[in-house]
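Every heavy atom of this structure was used, including side-chain atoms; hydrogens, water molecules and symmetry mates were not. In what follows, chains are A, B, ... by sequence order, proteins preceding strands, each numbered from 1.
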2 protein chains.
Amino acid sequence: MALEHAILVALQEKSGSGYELARRFDRSIGYFWAASHQQIYRTLKRMVELGWVDVQAVVQQGRPDKKVYRVSDAGRAELRRWLAEPDGPAAVRNDLAVKVRGASMGDVRDVMEQVARHRDRHAERLDEYRAIEQRDFPDAGRLTGQRLHQYLVLRAGIRSEQCAVEWCDEVLEAMRRDEEGSRG
Amino acid sequence: MALEHAILVALQEKSGSGYELARRFDRSIGYFWAASHQQIYRTLKRMVELGWVDVQAVVQQGRPDKKVYRVSDAGRAELRRWLAEPDGPAAVRNDLAVKVRGASMGDVRDVMEQVARHRDRHAERLDEYRAIEQRDFPDAGRLTGQRLHQYLVLRAGIRSEQCAVEWCDEVLEAMRRDEEGSRG
DNA sequence: CGGCCGTATGCAACATGTTGCACTGCGACG
DNA sequence: CGTCGCAGTGCAACATGTTGCATACGGCCG
């Protein structure tokens, strides 16, 4: 539905090969859009057919050859069209919440362990994002244009990780209290 | 990957037909797991084949007949197994963030409009969730077991909607400032 | 009486995402 | 000298999710 568009945005920021794009999707772009290298190669192929990107084979020495992709005029037009198009609410799918809701149908401690694990993972991510914020955007507040937009997306990552950590803490605290209450 | 498990949790709370389940997925369960009636019917069929649920045809008068599904012993075992199984980090896919990141590649105002629309949608949801919280859980803090777990999942909904609203506000404010700065 | 809404189930085709594998060549580590 | 990791591309099979349609009955509204 929108991987094409995520790729258009990424390539418009900087042209590159499928491999390089895949690595960017594991990092900066990855904190708001996940995609495997398989998906990316397949989608790039389709985008060439659609005429949204141009390819250029690049011969390299000491490394395998590569294909560099660039957004075409048609691609830029499609990107503008998509940016203006309103989209419906995003579908929510939260595995951990399903587990919490079903906790008493199995071993509650197993679920608590996983909530704790998720909490730590989110806390780690939060630290990474905060480090990026301080390193790359020390001048936040005076940002404009594309740099500002990049910063705002990072802010989404920070907020959602923080939100996740806080919820996990709330869950753990409540479940521990409940556990003690039923024991004592 | 986990729709089966979401259905097991839902059916374990209360047995019912595919249709009824679909409506529950549009409401209470819907705020942490989205599923269409198609998916549900198809998955229930598979779950019968797997032996995780039992079906019973129920003849009705004045209405079409229905099939009532109940979790079997095998289903309960599978549910316990899944609850104990650790799962990897959930894949993030945030359309709106992609649009914000690409805002300057099209008309920035178009993107702002959509951020505003999303903001309002999230704010509405937040109000709904808060209403449910006050109506159904006025005694929060003294909850235990399954009721507590239901409440905690509602809390996830409240937190994430709040988080979304706040981020949208941050984006809108920053983009408005940027707009004025480039004009004046 | 004709059309729409709600209850109730389902197929078929398509779009999207996941998993496992295949192949190349270089440089680093042991 | 083997094998591990990185750079680089890709297919095939499968799992999952979306969209459009089909069918059936009863009640309500105009």
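- Judged by distance alone, with hydrogens and angles left aside, A:Glu20 brings no side-chain donor or acceptor close enough to the base of D:dG8 to form a pair under 3.5 Å.
- Residue B:Arg101 is tested with A:His149, A:Glu13, A:Gln12 for a side chain to side chain donor-acceptor pair (under 3.5 Å); the sole match is A:Glu13.
- Counting non-hydrogen atoms under 4.0 angstrom, A:Gln60 reaches the backbone sugars and phosphates but no base.
- Here B:Gln38 does not reach the OP1 or OP2 of D:dT19: none of its side-chain N or O atoms lies under 4.0 Å away.
- Nucleotides of DNA chain C nearest to B:Tyr69 and A:Pro64 differ in position, and the one nearer the 5' end is that of B:Tyr69.
- A salt bridge between B:Arg24 and B:Glu20 is present, with a side-chain N of the basic residue lying under 4.0 Å from a carboxylate O of the acidic one.
- Considering only side-chain atoms of A:Tyr19, the nucleotide from C:dT7, D:dT9, C:dC11 that sits closest is D:dT9.
- If you measure from atom CZ of A:Arg46 to atom P of D:dC11, you get 13 Å, rounded to the nearest angstrom.
- Considering only side-chain N and O atoms, A:Arg63 lies nowhere under 4.0 angstrom from the phosphate OP1 or OP2 of C:dC26.
- Taking only side-chain nitrogens and oxygens, A:Tyr41 never comes nearer than 4.0 Å to OP1 or OP2 of D:dG10.
- We find that CG of B:Asp26 is positioned 14 Å from C1' of C:dG6, with the value rounded to whole Å.
- Rounded to an integer number of Å, the gap from A:Gln39 CD to C:dT18 C1' is 8 Å.
- The distance between atom CG of A:Leu21 and atom C1' of D:dG8, rounded to the nearest whole Å, is 13 Å.
- One cannot find a donor-acceptor pair under 3.5 Å joining the base of C:dT16 and the side-chain atoms of A:Arg42.
- Between A:Glu49 atom CD and C:dA15 atom P the separation is 13 Å, expressed in whole Å.
- Taking atom CZ of B:Arg23 as the reference point, atom P of C:dA8 lies 7 Å away to the nearest angstrom.
- Taking 4.0 Å as the cut-off between side-chain N and carboxylate O, A:Glu85 and A:Arg81 count as a salt-bridged pair.
- Judged by atom type and distance alone, B:Arg93 does not reach the base of C:dG17 through any side-chain donor-acceptor pair under 3.5 Å.
- No hydrogens or angles considered: a donor-acceptor pair under 3.5 Å links the side chains of A:Gln114 and A:Lys99.
- Taking atom NE2 on A:His37 and atom C1' on C:dG17, their separation rounds to 13 Å, with Å as the unit.
- If you take CG of A:Asp65 and P of C:dC23, they are 19 Å apart, rounded to a whole angstrom.
- Side-chain heavy atoms closer than 4.5 Å link hydrophobic residues (I, L, V, M, F, W, Y) into clusters, and following such links, even through other members, never connects A:Val71 to A:Tyr41.
- Considering only side-chain N and O atoms, A:Lys45 lies nowhere under 4.0 angstrom from the phosphate OP1 or OP2 of D:dT9.
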